[in-house]
Amino acid sequence: MSMFNQSVTSLWQQTAVPLSQPPQLRERMNADVTIIGAGITGLRAALELSKRNISVVVLDSHEPGWGASGRTGGQVNPLAHATPDVIIQQLGPVFGPRMLDAYINSASELFNLVKHHDLQCEAVQGGWLRGAHCESATKDLQKMYDGWSKIGLDISFVEGAELRRLSGSDAYKTATLVKSAGSLQPLSYSRELARVAKSQGADIFANSPVLNVKAQGGKWTTTTQYGEVVSDWVLHCTNGYTDNTLKGLRQTIVPLISIQAATRPLSKAEYDAVLPEGHTLADTRRVIYYSRKDNRNRLLFGSLGTAESCARADKQRLLRSMRSVFPQFCEEDLEYHWGGRVAFTPDVLPHLHEPAPGQLAGLGYNGRGVAMATVMGRVLAERVAGKPAEDLPIPTTGFKSVPFHGFHKVGVVSAIKYFEFRDNTDAKFF
Ligand SMILES: Cc1cc2nc3c(=O)[nH]c(=O)nc-3n(C[C@H](O)[C@H](O)[C@H](O)COP(=O)(O)OP(=O)(O)OC[C@H]3O[C@@H](n4cnc5c(N)ncnc54)[C@H](O)[C@@H]3O)c2cc1C
């Protein structure tokens, strides 16, 4: 009989700081700003707005951190997926360099925020190893190193025996190391953002799915089942869980599933043998492998999958993948499995939209949102506080639908299988 634990409860739920459970919205309220989505994006925006004495109501279908923000690997990675020259080409000479700055500084922005507000979320700025899974990926890493080091990112190469020592794995011959990166307990981070936003005056409501947003008398009315909020601004911070509340937004992203497993508590010897200096590890695969320790006594390992519940086939794939990096672990060692939705964009960059005066949306972190959602929340708050769109670090763009969006579910499952096959073939000949 399989020893796979059937529970979809995440490890983070077991170890997070307690949530001070927000009430359900059951009244009519007025505020300057309504925020839909209590993940990192929405909560950072709520915090920054409240600090400026701008009144905020945050509404979530579930509770703070319920979405990807409370389920992530918690790796705080300050790097885009492309090289800087590609991003400059995509965004031009004004927004290109600003976006690069936003990326480079994103991890430190997060760690400074944690320090400033004393957020209890096990944050450690311990560095990130990104391993090359094959020969051509080594060349890509070199290009990333060349481009990002030239514009000021503290990035270096680690190879051979030193990489084996730092990762605790033989899977990679070469990796880059980004020192400003790190990790945190993501559900605690989300709950702590909610706590400080509330302490600064934000009103947060749980179990309050937004049904619609309508223009009425020069303001926006946001309606939930039992209440409504009338405000000047509405911020859509729903990332991979975006529905049809804001017409056309859902079609701008492809929601993919990221899945993770966490081991049983490890012995000290087992724990010390992997990532002994507390680095996080991710790789260059198309169907990425990522892992870290939980800063207590467990190892986490993740990849892309097909179901948020981490279906049986996903669990088996995850185990195979994990054993190719850390062969010392077996099925019985994995106590937790879970998954969540991330949002991919065709240009692999985060998107900021202002489809109508008073409506903003920030989303599309392409699986690297812990740091960039923290930045996006701040940028949304700056826009509301009066900064012109042309002065923001992220360009404001129109909605561009992903082609054949309706077919993405079928397409994504086949794409994962295909890309996994190609990753494994590349790795075999390395
Ligand atoms: C398993 C997994 C591992 C990951 N690992 C990493 C990692 O290691 N490093 C990294 O940088 N990134 C990682 N990511 C990505 C990162 O977690 C996300 O990019 C980030 O958390 C997005 O934050 P968000 O606030 O924009 O969205 P979310 O946290 O997804 O929040 C969206 C919220 O919107 C709410 N919502 C949606 N519709 C409505 C509605 N109509 N009414 C009210 N509320 C609504 C949802 O309930 C949800 O709480 C991972 C993601 C997953 C799922």
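Each ligand, and each atom within it, is numbered from 1 in the order the structure gives. Numbering starts at 1 and runs along the sequence shown. Since the model is a prediction, treat every value here as computed from it, not as a measurement.
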Checklist entry - What are the two closest heavy atoms between Asp314 and Gly305, and how far apart are they? => result OD1-CA, 3.5 Å
Next on the checklist: List ligand 1 atoms under 4.0 Å from Tyr241, heavy atoms only on the residue side.
Outcome noted: 30 (O), 37 (C), 38 (N)
Checklist entry - What is the minimum heavy-atom distance between Thr41 and Tyr365, and which atoms define it? => result OG1-OH, 2.8 Å
Next on the checklist: On a heavy-atom basis, I'd like to know which of Asp243, Ile40, Leu300, Val76 is closest to atom 25 (O) of ligand 1.
Outcome noted: Ile40
Checklist outcome for this item: Per-atom filter on ligand 1: closer than 4.0 angstrom to a heavy atom of Thr245 are 41 (N)
Next on the checklist: Between ligand 1 and Val210, is the shortest N or O to N or O distance under 3.5 Å?
Outcome noted: yes
Checklist entry - Quick one: are Leu110 and Leu184 in side-chain contact, heavy atoms under 4.5 Å? => result yes
Item to check | Polar contact flag for Gly42 and ligand 1 (N/O pairs, less than 3.5 Å) | outcome: no
Checklist entry - Against heavy atoms of Arg71, which atoms of ligand 1 measure under 4.0 Å? => result 1 (C), 2 (C)
Checklist entry - Under 4.0 Å from ligand 1, counting heavy atoms only, is it the side chain of Tyr365, its backbone, both or neither? => result side chain
Item to check | Per-residue contact class, Val342 against ligand 1 - non-hydrogen pairs under 4.0 Å | outcome: side chain
Next on the checklist: Distance under 4.0 Å to a non-hydrogen atom of Gly74: what atoms of ligand 1 satisfy this?
Outcome noted: 7 (C), 8 (O)
Checklist outcome for this item: among protein heavy atoms, the one nearest atom 8 (O) of ligand 1 is Gln75 N, 3.0 Å
Item to check | ligand 1 contact on Tyr290 by region, counting heavy-atom pairs under 4.0 Å | outcome: side chain
Checklist entry - Between Glu332 and Arg264, does at least one N-O distance fall below 4.0 Å, as a salt bridge requires? => result no
Next on the checklist: Please list, in number order, the atoms of ligand 1 under 4.0 Å from a heavy atom of Gly37.
Outcome noted: 33 (C), 34 (O), 35 (C)
Checklist entry - Hey, which atoms in ligand 1 end up nearer than 4.0 Å to a heavy atom of Gly340? => result 53 (C)
Checklist entry - Which is closest to atom 47 (O) of ligand 1 by heavy-atom distance: Leu193, Ile259, Asp60? => result Asp60
Next on the checklist: Given Ala68, Gly39, Ser69, identify the one with the heavy atom nearest to atom 23 (O) of ligand 1.
Outcome noted: Ser69
Checklist entry - Parallel, tilted or perpendicular: which fits the ring planes of Trp66 and His62, with parallel below 30° and perpendicular above 60°? => result parallel
Item to check | Contact check: Val370 vs ligand 1, nitrogen or oxygen atoms, below 3.5 angstrom | outcome: yes
Item to check | Minimal non-hydrogen separation, Trp233 against Gln359, with atom names | outcome: CE3-N, 4.4 Å
Checklist outcome for this item: Here the gap from Lys293 atom NZ to Leu281 atom CG, rounded to the nearest 0.5 Å, amounts to 12.0 Å
Next on the checklist: Counting only nitrogen or oxygen atoms and a 3.5 angstrom limit, does Gly367 reach ligand 1?
Outcome noted: yes
Next on the checklist: Below 30° counts as parallel, above 60° as perpendicular, anything between as tilted: where do the rings of Tyr145 and Phe157 land?
Outcome noted: tilted
Item to check | Protein contact to atom 32 (C) of ligand 1 [nearest heavy atom, distance to 0.1 Å] | outcome: Cys237 O, 3.6 Å
Item to check | Closest protein heavy atom to atom 19 (O) of ligand 1, given as residue, atom name and distance to 0.1 Å | outcome: Gly369 CA, 3.2 Å
Item to check | Full working for side-chain hydrogen bond (donor to acceptor under 3.5 Å, both in side chains) between Arg368 and Asn77 | outcome: CA-CA 7 Å; Arg368 275 197 211 143; Asn77 295 336; over 6 Å; no
Checklist outcome for this item: min-distance protein heavy atom vs atom 17 (O) of ligand 1 -> Thr72 CG2, 2.6 Å
Checklist entry - Is the closest basic N to carboxylate O distance between Asp232 and Lys219 below 4.0 Å? => result yes
Item to check | Geometric N/O contact Gln260 with ligand 1, under 3.5 angstrom | outcome: no
Checklist entry - Any nitrogen or oxygen of Ser61, main chain or side chain, under 3.5 Å from a nitrogen or oxygen of ligand 1? => result yes
Checklist entry - Atoms of ligand 1 less than 4.0 Å from His62 heavy atoms? => result 47 (O)
Next on the checklist: Does this structure show an ion pair linking Lys315 with Glu331, if we count only N-O contacts that are shorter than 4.0 Å?
Outcome noted: no
Item to check | Protein contact to atom 1 (C) of ligand 1 [nearest heavy atom, distance to 0.1 Å] | outcome: Ser258 O, 3.3 Å
Item to check | Least distance between heavy atoms, Cys121 atom then Tyr189 atom | outcome: CB-N, 3.5 Å
Checklist entry - Do the non-hydrogen side-chain atoms of Phe111 and Val76 ever get within less than 4.5 Å of each other? => result yes
Next on the checklist: Please list the nearest protein heavy atom to atom 5 (N) of ligand 1 with its residue and the distance rounded to 0.1 Å.
Outcome noted: Gly73 N, 2.9 Å
Next on the checklist: If only side-chain N and O atoms count, and only distance matters, is there a donor-acceptor pair under 3.5 Å linking Tyr336 with Thr263?
Outcome noted: no
Next on the checklist: I'd like to check whether Pro209 has a polar contact with ligand 1, where a contact means an N/O of the residue lying under 3.5 Å from an N/O of the ligand.
Outcome noted: no
Next on the checklist: Once you restrict to heavy atoms under 4.0 Å, what part of Ser190 touches ligand 1? Side chain, backbone, both or neither.
Outcome noted: neither
Checklist entry - So do the side chains of Pro393 and Asp101 get within less than 4.5 Å of each other, counting heavy atoms only? => result no
Next on the checklist: As an exercise, identify every atom of ligand 1 less than 4.0 angstrom from a heavy atom of Leu59.
Outcome noted: 43 (C), 44 (N)
Next on the checklist: Before you tell me yes or no, could you show the steps for Gln185 and Thr15 under side-chain hydrogen bond (donor to acceptor under 3.5 Å, both in side chains), namely the whole-Å CA-CA distance, both residues' side-chain angles and the distance that decides it to 0.1 Å?
Outcome noted: CA-CA 8 Å; Gln185 209 289 15; Thr15 60; 2.9 Å; yes
Next on the checklist: Using side-chain heavy atoms (C-beta onward) and a distance below 4.5 Å, is Pro350 in contact with Tyr103?
Outcome noted: yes
Checklist entry - So which protein heavy atom does atom 24 (P) of ligand 1 come closest to, and at what separation? => result Thr41 OG1, 3.4 Å
Item to check | Contact summary for Ala137 and His133, nearest pair of heavy atoms | outcome: CB-ND1, 3.8 Å
Checklist entry - Has Ile36 got any heavy atom lying under 4.0 angstrom from an atom of ligand 1? => result yes
Item to check | Under-4.0 Å heavy-atom contact with ligand 1, by part of Leu363 that carries it | outcome: neither
Checklist entry - When you measure from atom 27 (O) of ligand 1 to every protein heavy atom, which one gives the shortest distance, and what is it? => result Asn239 CB, 3.4 Å
